[in-house]
Amino acid sequence: MTTRELLHNKIRESGMTKNPLIDRIGCSEKAMRKYLNGSTTSGPYLTKILEELKITVEEWNACSNVKSEG
């Protein structure tokens, strides 16, 4: 699974739409779009996104497009 798939699944499960999520996180639509399409896998909003969508760090780090340290 990629971060894109994980985020879309969790958004669907939560019943939340993109705009309220953007408002709650405090990021721009462009920044959110980068997370949602998988081109951004870290950054200043990641912790808040994971919190809002109840995604664990382990789930996120297990995604195939997240580079592992080491």
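Here the structure is a predicted model, which is why all the values come from computation and not from measurement. Computed from heavy atoms alone, side chains included, the values below leave out hydrogens, waters and symmetry copies. The first residue of the sequence shown is numbered 1, and numbering continues consecutively from there.
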Output a table of donor-acceptor pairs, distance under 3.5 Å, between side-chain atoms of residues 12-20 and any protein atom two or more places apart or on a different chain; print 'none' if there are none.
| residue | atom | partner | partner atom | Å |
| --- | --- | --- | --- | --- |
| Arg12 | NH2 | Asn9 | OD1 | 2.6 |
| Ser14 | OG | Lys10 | O | 3.4 |
| Ser14 | OG | Ile11 | O | 2.9 |
| Ser14 | OG | Met16 | N | 3.1 |

(request) Mind running side chain to side chain contact (heavy atoms under 4.5 Å, CB included) on Leu36 and His8 for me, showing each step along the way? (result) CA-CA 7 Å; Leu36 290 174; His8 285 276; 4.0 Å; yes
(request) Could you grab the distance from atom OG of Ser64 to atom CD of Glu5, nearest 0.5 Å is fine? (result) 7.0 Å
Under 3.5 Å, side-chain donor or acceptor atoms of residues 50-57 against the rest of the protein: list the pairs with distances, not counting sequence neighbours.
| residue | atom | partner | partner atom | Å |
| --- | --- | --- | --- | --- |
| Glu52 | OE1 | Arg24 | NE | 2.8 |
| Glu52 | OE1 | Arg24 | NH2 | 3.1 |
| Thr56 | OG1 | Glu59 | N | 3.0 |
| Thr56 | OG1 | Glu59 | OE1 | 3.4 |

(request) Could you tell me which non-hydrogen atom of Tyr45 sits nearest to which non-hydrogen atom of Gly26, and how far apart they are? (result) CE2-O, 3.7 Å
(request) Of all the heavy-atom pairs spanning Ala31 and Ser28, show the shortest one and how long it is. (result) N-OG, 3.0 Å
(message) Working to the nearest 0.5 angstrom, can you tell me the gap between Cys27 SG and Lys34 NZ?
(response) 11.5 Å
(message) For Tyr35 versus Pro44, what's the shortest heavy-atom pair and its separation?
(response) OH-N, 3.8 Å
(request) Just jot down the side-chain hydrogen bond (donor to acceptor under 3.5 Å, both in side chains) partners of Ser39, sequence neighbours excluded, or say none. (result) Asn37
(request) Check whether more than 12 heavy atoms from other residues, nucleotides or ligands sit under 6.0 Å from atom CD of Glu29, and answer yes or no. (result) no
(message) As an exercise, state the distance from CG of Leu7 to OG1 of Thr2, rounded to the nearest 0.5 Å.
(response) 8.5 Å
(request) Verify, without hydrogens or angle tests, whether Trp60 (side chain) and Ser42 (backbone) share a donor-acceptor contact under 3.5 angstrom. (result) no
(message) Can you list everything that forms a side-chain hydrogen bond (donor to acceptor under 3.5 Å, both in side chains) with Asn61? Sequence neighbours excluded, please.
(response) none
(request) First locate atom CE of Met32, then atom OG1 of Thr40, and finally report the distance between them rounded to the nearest 0.5 Å. (result) 10.5 Å
(message) Under the criterion side-chain hydrogen bond (donor to acceptor under 3.5 Å, both in side chains), I'd like the reasoning laid out for Asn65 against Thr3: C-alpha separation, chi angles, the key distance, then a yes or no.
(response) CA-CA 7 Å; Asn65 63 320; Thr3 57; 2.9 Å; yes
